[in-house]
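Numbers restart at 1 for each chain; the letters A, B, ... are given by sequence-line order, proteins then strands.
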Amino acid sequence: MNTTLKMEHISKQYGEGTTHVSVIRNVSLEVKAGEFIALVGPSGSGKSTFLSMAGALLTPSSGTLVIAGEDVSQASAQRLTALRRKHIGFVFQSAHLLPYLTVRDQLVLVTQFEKSNNREVQTRADRLLQRLGLQHRMYHFPEQLSGGERQRVAIARAWMNDPELLLADEPTASLDAVRGREVVQMIADEVKLRDKAAIMVTHDHRVLDLCDSVLYMEDGTLKKEQLSS
Amino acid sequence: MFLAWKEMKHAKARFILIGFIMVLLAYLVLFVSGLANGLQADNVSSIQHMKATSFVVAQNSDQRLQSSQLTEKQWHELQRTKDVTPLGLRMTSVKQQGSQKKIDSTLMAIDPEQFLAPTIEEGQAVTHLRPNEVVGDYSLKEHGFMLGDVLVETMTGKTMTLVGFTKNELFSHAPVLHMTTQGWHRLFGAKVSWNAGALRTAVHLPSIKGVEQASKEEIVQSVPGYKEEQGSLTMMIVFLFVISAFVLSVFFYVLTLQKMSHFGVLKAMGATTRYLARSILYQVLLLTSFSVAIGVGLTLLTGALLPSTMPFHVTPTLLLSCCGLLITVAILGSLLSLNTVRKVDAIEAIGRAN
């Protein structure tokens with residue numbers, strides 16, 4: 001199996017002197033293709049910062065960060081943007097869809113940041129929407145969708161650029177138990193089907209059984225939790 | 001531009017509202033510019049149309065044609081210079097024979113064989129002008145004057161026949177009546193001398209006591225009321241542009257602020273600042289060009305509907321430069337927004353509920 005994400009002794013600090021804060025302390029982790037990992041932990045434990053680094057939004061203060069085979073430990077903002085565009089898919093808390101785009105256009109948009117083949121893009125978008133059961137919603141705007149549907153669109157959008165790594169930031173936060181489980185199931189299915197890697201930050205313990213492993217973060221350090229089942 | 005266009009299509013009402021205000025701004029700018037241009041034409045078009053480059057006027061006349069009076073001796077000396085032609089100018093009023101209604105006009109005496117002769121639009125050629133004949137500006141038609149009418153000069157009571165019409169020959173908001181130098185003598189006596197001598201080429205003048213040379217532009221600027229009139233209108237136009245800049249900046253800025261969270265998400269998804277900036281600029285350009293085009297249409301329509309006595313005059317150059325300036329102002333106004341977009345951090349998309 002290929003390693004999609006590799007973190008070696010990663011730390012992240014903010015500020016200097018008296019304002020010095022250590023958010024992530026010496027974290028090492030490897031995520032392989034086909035793996036779906038859940039990250040749990042109390043608020044303020046550094047989950048968001050961890051996710052930001054895994055998603056090439058931030059570079060670590062020290063340590064080595066390799067995403068999709070590329071060492072980005074000290075990459076420039078521009079290189080990080082390009083890397084996100086090519087290799088990373090995000091599913092944000094409360095979907096974060098653009099209100100003025102139809103479901104289909106939400107997906108097409110992802111490919112607009114670079115020159116792309118329009119015909120091919122549209123078939124890809126249609127296929128994804130079909131797989132996530134959204135084909136009847138294709139020309140609807142986000143305001144016309146239910147919370148669960150919105151989150152499903154967000155997942156479809158995240159897979160649109162065919163990323164190696166999918167990152168989900170509390171995707172079930174605004175959903176009820178049934179919808180939440182559905183959404184996480186969809187991520188898990190896609191991960192297996194496409195042999196991709198995924199990390200999900202969550203507070204929702206009812207969906208942890210859908211993940212391959214669960215990591216527990218506290219005070220900037222990672223611990224592995226064994227699933228009871 | 002995918003994003004820009006889709007957004008405008010979705011938020012039609014919002015963009016139409018902003019577009020509407022931009023149309024009004026463009027219309028106001030163009031209208032006032034047209035008015036300034038029209039007033040300028042009303043005041044000095046006769047001088048501006050002269051093929052002269054400079055004028056010789058009496059010293060201490062503040063370069064004002066009306067107050068300048070060359071003495072016979074000065075004129076005699078001046079005539080030794082080649083290419084100088086006389087100009088007589090007097091504000092007066094005339095009336096149609098048999099009518100009581102007087103209208104203000106500017107009498108100008110010129111040599112019909114020389115370069116100050118006006119272009120005739122209708123009627124008799126200016127070279128065949130007899131001493132008791134005049135040609136006048138088209139605006140006289142608005143006052144009911146027709147070719148062949150006999151006019152009475154109210155100061156002297158002498159009559160003359162209107163034999164031709166000229167176009168855009170106004171001075172000091174009054175139509176100009178051109179007559180020959182002989183006609184001038186016929187009205188005001190043989191001894192009367194000229195207000196100025198006009199020159200077409202840059203020549204070195206022999207030093208003559210009591211005269212000075214003034215460029216056409218200086219003469220125009222010295223027409224009473226001209227500077228004040230144009231100054232206040234120019235100030236209005238400048239302020240309109242400044243106001244437009246601020247109003248548009250604020251509009252675009254508020255639009256951008258509303259979309260800050262979107263920009264964060266887009267950046268997290270891999271959109272470059274350049275892509276987002278292009279998208280905003282595209283919207284601004286589209287909105288501005290469209291609004292300005294409607295503004296131009298409204299201005300032209302207004303121009304066509306206004307009575308021709310109204311001093312309103314637009315030229316393609318005026319329209320184009322105003323439109324160019326408005327678009328530039330709009331782009332400047334969007335710079336604030338572009339900078340805001342540049343500063344949006346993709347991290348803001350993570351760990352936030354909204």
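Between A:Phe141 and B:His10, the ring planes lie tilted relative to each other; the angle falls in the 30° to 60° range.
Both the backbone and the side chain of A:Leu109 come within contact range of chain B, judged by heavy atoms closer than 4.5 Å. Of the two parts of A:Gln112, the backbone and the side chain both hold a non-hydrogen atom closer than 4.5 Å to a non-hydrogen atom of chain B. There is no contact between B:Leu276 and chain A, counting heavy-atom distances below 4.5 Å. In this structure, no portion of B:Ala11 lies under 4.5 Å from any heavy atom of chain A.
In terms of heavy-atom pairs under 4.5 angstrom with chain B, the leader among A:Pro99, A:Ser52, A:Gly55, A:Ala56 is A:Pro99. In terms of non-hydrogen atom pairs under 4.5 Å with chain A, the most contact-rich of B:Glu7, B:Lys6, B:Arg278 is B:Glu7.
Geometrically, B:Lys12 does not engage B:Phe15 in a cation-pi contact, judged by NZ or CZ lying under 6.0 Å from the ring centre and within 45° of the ring axis.
Remark: B:Glu121 CD is packed, more than 12 non-hydrogen atoms of other residues, nucleotides or ligands lying under 6.0 Å away.
Within the 4.5 Å cutoff, the side chain of B:Lys267 has no heavy atoms near those of the B:Phe263 side chain. Side chains of A:Ser174 and A:Gln93 form no contact here, defined as non-hydrogen atoms less than 4.5 Å apart.
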